[in-house]
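To keep things clear, I will list the structure first and then write my remarks on it.
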2 protein chains.
Amino acid sequence: MSPENKDADNKIDYGLLDKVVGYRLRRAQMNFFATFSEVFSDLGISPGLFAVIALVESNPGRTQTAIAQALGNDRSAMVAAVDKLEKMKIIERRPSKSDRRSYALYMTQTGNDFFKTASKRVMDHEKEMTSCLKDEKEVAWLLETLRTLSD
Amino acid sequence: MSPENKDADNKIDYGLLDKVVGYRLRRAQMNFFATFSEVFSDLGISPGLFAVIALVESNPGRTQTAIAQALGNDRSAMVAAVDKLEKMKIIERRPSKSDRRSYALYMTQTGNDFFKTASKRVMDHEKEMTSCLKDEKEVAWLLETLRTLSD
DNA sequence: TATTGTTATACTCTATAACTATA
DNA sequence: TATAGTTATAGAGTATAACAATA
C-alpha cells in the first residue's frame, strides 16, 4: 500500500452517523424493505400494500380516508392502492349505508386466504430478520421502543 | 353512537402490524425524517445530504463511488448530491492524483463550519426524539440493535 | 361550509442503462 | 475488459390543489 492512498484504502469511518438513531433507523428499514420485496415478489405486493390489507382485515368497514389516516398516508394515495387490491380481488369497496360519499372497505374470501398466506410469509421474514436478537422479550422491547419513537 | 357505525367510530386496531418490526421501523423512521426536515429547513439539506457531508468529514479524500457504497446508494445518485453540496461550498471535488477518472471529496472551510452547526442541530434533534428512552444505556442498546438489523 | 373519493400534477428518491475517459 | 463519473430516463412514493357529489 503506497503512502498517498493510505486513507482511501482504509475502511470507512461512519463517525457521527454511527451514533445517530435516525440514520440507523433508515438503514435497518431499508434492509427490511429490500428483503421483504424479495420474499413477496411472487405475491405482487409491496410493504405499503400489505399494510393496507392488514388494516382492512383488522378493521372491516372503514372508509379509505380512515385507513389512510391510520397509516399516515394522504387519502389521494389510497385510490391507486385500493384500485390495485380490488383488481387482485383481495379487498372490495362497498357503498357506505350512512354516507353516500364514501366507500366501506372489506376483505373478499380470496383476500382472507391471501392474507393468511401473506401473514405467514411476513412472520417468517420477521423471525429471520430478528434472529440476531436474544429472545422474544428483546423483540417486544424493540417493538415498544419503536412505537414510542413514532409518537 | 348509532349501532350501524359502531365499528367505524372505534379506534383503529393495528392487529398484526403492531407486532411487525418492519412496519414499526418505517413509522419511527418517517417520524424522524419529518421532524429532521423541519429542524433543517433553514439549512437547506435533507437527511440524505447530511449523511454525505458526515461521511466526507470523517473520510476526506474518498471518491464519490466509495461514499455512495458506504451509504448504500447508487453512484449515479451521488452526482446531483455532490453538485448541490459543491454549489453550497460545503464540499469540493479535487482531481485524484492516482486515478484520473475519479475525484476525491474534501470539506471546505465553510463546510467545516456548516458541519459543526448541523451536527449540533442533529444531536439536539436526536436528544429530543430519544427523550422517551430511559437513559444513555438504552440509546446505546437501541443503536446496537438497529445496526445488527441492517446487516 | 366541510368532507369523500377522485384526478391531475409535481416533486423527490431510487434504480438502470448507456456513454466517455481512463485504468 | 473493467471502472469512475456522468447523463438520461423511468418507476415508485408522496404531497398539493382542485373538482363533483354529498354532508
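Sequence lines set the chain letters: A, B, ... in the order given, protein chains first and strands last, and positions in each chain run from 1. Keep in mind it's a predicted model, so treat the numbers as computed, not measured.
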Report the relative orientation of the aromatic rings in Phe36(A) and Phe33(A); use parallel for angles under 30°, tilted for 30 to 60°, perpendicular for over 60°.
-> tilted
Please report, rounded to the nearest Å, how far the P atom of dA15(D) is from the CD atom of Glu38(B).
-> 13 Å
Which pairs would a plain distance check flag for residues 67-74 of chain A, meaning a side-chain donor or acceptor within less than 3.5 Å of a matching protein atom at least two apart in sequence or in another chain?
| from | atom 1 | to | atom 2 | distance (Å) |
| --- | --- | --- | --- | --- |
| Asp74(A) | OD2 | Ser76(A) | N | 2.9 |
| Asp74(A) | OD2 | Ser76(A) | OG | 2.9 |

Kindly say if Arg100(B) contacts the phosphate of dA21(C), meaning a side-chain N or O under 4.0 Å from OP1 or OP2.
-> no
Return yes if the base of dT3(C) and the side-chain atoms of Arg101(A) contain a donor-acceptor N/O pair under 3.5 Å, otherwise no.
-> yes
Give the rounded distance in Å between these two atoms: CZ of Phe33(A) and P of dA15(C).
-> 14 Å
For nucleotides 6-12 of chain C, read 5' to 3', which letter fits each nucleotide if B means a protein heavy atom sits under 4.0 Å from the base, S means only the sugar-phosphate is that close, and - means neither?
-> BB-----
Could you tell me the separation between the CG atom of Asn31(A) and the P atom of dT14(C), rounded to a whole number of Å?
-> 15 Å
Report the distance from atom CE of Met30(A) to atom P of dC13(C), rounded to the nearest whole Å.
-> 13 Å
Student check: side-chain heavy atoms of Ile53(A) and Phe114(A) closer than 4.5 Å = yes
Euclidean distance, atom CG of residue Leu71(B) to atom C1' of dA15(C) [Å, nearest integer] | 16 Å
Any donor-acceptor pair under 3.5 Å linking the side chain of Glu144(A) with the backbone of Ala140(A)?
-> no
Can you check the Gln29(A) CD to dT14(C) P distance for me, whole Å?
-> 11 Å
Find the distance Lys97(A):NZ to dA23(D):P and express it as a whole number of Å.
-> 16 Å
Between CG of Leu105(B) and C1' of dG5(D) the distance, given in whole Å, is 11 Å
Can you check whether Val82(B)'s main-chain N or O pairs, donor with acceptor, with Gln64(B)'s side chain at less than 3.5 Å?
-> no
Run the salt-bridge test on Asp42(A) and Arg121(A) with the 4.0 Å N-O cut-off and return the result as yes or no.
-> yes
Are Asp99(B) and Arg101(B) within salt-bridge range, i.e. N to O under 4.0 Å?
-> yes
Tell me which of Gln69(A) and Asp99(B) sits closer to the 5' end of DNA chain C, going by the nucleotide each one is nearest to.
-> Gln69(A)
